[in-house]
Amino acid sequence: ATARGVQFVTREACREKKIALKGAKVVVQGFGNAGSVAARLMGEDGASVIAVSDSSGGIINPKGLDITAVQAHKDSTGTLRGYREAQPISNEKLLELECDVLVPAALENQITEENAARIRARIVAEAANGPTTPLADDVLFKRGRTVIPDILANAGGVTVSYFEWVQDFSSFFWDEDEVDRRLEVYMKRAYTSVAATAAKHKCSLRGG
């Protein structure tokens with residue numbers, strides 16, 4: 001659900017920035033529950049996921065990674081290291097790759113005042129909690145980069161938890177397609193509202 005939420009708000013940000021998600025270059029830091037699923041879903045949207053990483057380091061293939069094959073390698077070995085259809089890359093260098101969308105889905109404080117000037121992604125969709133520091137957020141905003149803050153980008157999980165409560169309360173249960181449809185409505189509405197407010201006040205999506 002968290003990854004679905006990231007997918008939906010990224011679609012909206014790409015639409016707003018006139019970036020075609022089909023063929024867009026995507027980089028995902030963190031290949032756990034949120035990051036691996038976000039990579040797969042964006043691939044299904046037609047994006048080219050060129051690099052992913054886990055705690056052992058990252059892998060890159062400028063022509064695009066086969067996320068299903070990457071996941072199979074991770075499942076069988078417990079690590080991304082050694083995946084033959086890609087080259088190794090450090091987590092630090094992975095963050096600074098030229099791409100359309102960067103999804104930090106690992107740890108907090110990954111994008112800081114020290115490396116923010118080297119972040120080349122046009123959109124940063126925060127799947128992790130607090131991956132961008134406040135000072136880094138300011139630097140990225142001044143450079144014209146869009147940061148979709150964690151409280152918005154990764155809200156899919158808590159939103160679907162709310163859906164579960166609603167279903168339990170009413171004793172009427174939805175299938176997965178219905179959950180995804182309703183989540184998309186909520187996430188699109190939230191992004192549109194936040195973007196409109198940010199434009200009105202001429203500030204970043206995080207505000208301030």
Side-chain angles (χ1 to χ4, degrees), residues 1-30 34-35 38-39 41-42 45-51 92-160 162 182-208:
T2 299
R4 280 285 185 197
V6 172
Q7 176 192 29
F8 293 146
V9 294
T10 299
R11 283 179 184 173
E12 293 306 300
C14 285
R15 186 176 294 114
E16 182 184 46
K17 301 299 177 184
K18 295 180 172 56
I19 299 171
L21 191 51
K22 186 174 183 179
K25 291 184 178 180
V26 175
V27 170
V28 180
Q29 184 205 36
L41 293 175
M42 291 191 187
D45 274 345
S48 176
V49 181
I50 62 169
E92 293 75 21
K93 292 297 183 183
L94 177 139
L95 290 171
E96 299 171 10
L97 289 171
E98 184 174 355
C99 60
D100 297 293
V101 179
L102 169 64
V103 182
L107 303 172
E108 62 181 11
N109 300 330
Q110 296 299 292
I111 302 175
T112 66
E113 189 179 16
E114 284 68 38
N115 66 357
R118 299 192 298 274
I119 301 299
R120 291 186 283 175
R122 299 170 67 184
I123 295 170
V124 178
E126 295 186 333
N129 291 323
T132 308
T133 67
L135 289 176
D137 195 277
D138 290 341
V139 172
L140 292 169
F141 177 65
K142 290 174 182 176
R143 293 180 58 226
R145 270 45 179 178
T146 297
V147 178
I148 310 174
D150 52 3
I151 196 169
L152 171 59
N154 70 23
V158 294
T159 303
V160 171
Y162 163 71
R182 289 175 183 266
L183 178 60
E184 183 172 13
V185 170
Y186 274 69
M187 297 303 294
K188 287 176 66 175
R189 183 187 301 160
Y191 181 87
T192 300
S193 176
V194 171
T197 302
K200 178 181 178 181
H201 295 284
K202 298 180 180 179
C203 64
S204 71
L205 296 182
R206 201 184 307 276

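Along the sequence shown, residues are numbered consecutively beginning with 1.
- Using a 4.5 Å heavy-atom cutoff, the side chains of V147 and L205 are not in contact.
- Distance OG1/T132 to CD/E126: 3.5 Å, rounded to 0.5 Å.
- Atoms OG1 and CE, from T10 and M42 in turn, are 3.5 Å apart once rounded to the nearest 0.5 Å.
- Summarising the geometry of L152 relative to A190, their closest heavy-atom pair is CD1-CB, 3.7 Å, with the distance given to 0.1 Å.
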Inset, instruction - Go through the steps to decide whether N115 and E92 satisfy the test side chain to side chain contact (heavy atoms under 4.5 Å, CB included), and finish with yes or no. - result: CA-CA 9 Å; N115 66 357; E92 293 75 21; over 6 Å; no

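- G156 and L183 get closest at one heavy-atom pair: CA-CD1, 3.9 Å.
- The only option from R11, R4, R15, K22 that meets the salt bridge (Lys or Arg N to Asp or Glu O under 4.0 Å) definition with D45 turns out to be R11.
- Across all their heavy atoms, C14 and L21 have their closest contact at SG-CD1, 4.0 Å.
- Partners of E98 under the side chain to side chain donor-acceptor pair (under 3.5 Å) rule, at least two apart in sequence or in another chain, do not exist in this structure.
- Under the 3.5 Å distance criterion, the side-chain polar atoms of N154 are left unmatched by any main-chain donor or acceptor of T2.
- Distance check, rounded to the nearest 0.5 Å: NZ of K17 to OG1 of T146 gives 3.5 Å.
- The nearest pair of heavy atoms linking A34 to A3 is O-CB, 3.6 Å.
- Although no hydrogens or angles enter the test, the distance criterion places a donor-acceptor pair under 3.5 Å between the side chain of T112 and the main chain of E114.
- Among residues at least two apart or in separate chains, salt bridge (Lys or Arg N to Asp or Glu O under 4.0 Å) pairs with a member in residues 128-146 are D137-R206.
- Here the straight-line distance linking atom CZ of R122 with atom CG of L140 works out to 14.5 Å at 0.5 Å rounding.
- Interatomic distance, Q29 CD to Q110 CD, rounded to the nearest 0.5 Å: 4.5 Å.
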Residues 100-109 side chain polar contacts: donor-acceptor under 3.5 Å, at least two apart:
{"unit_1": "D100", "atom_1": "OD2", "unit_2": "K25", "atom_2": "N", "d": "2.8"}

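- Heavy-atom contacts from other residues, nucleotides or ligands closer than 6.0 Å to CD1 of I19 number more than 12.
- Of the possible donor and acceptor atoms, none in the side chain of S193 sits under 3.5 Å from a partner among the backbone N and O of R189.
- The closest donor-acceptor contact from the side chain of R120 to the backbone of L97 lies at 3.5 Å or more, if one exists at all.
- Heavy atoms only, all atoms of each residue included: I119 and L95 are closest at CD1-O, 3.4 Å.
- Taking CD of E12 as the start and CD1 of I148 as the end, the distance is 9.5 Å to the nearest 0.5 Å.
- Heavy-atom minimum distance, M187 versus A153: CE-O, 4.2 Å.
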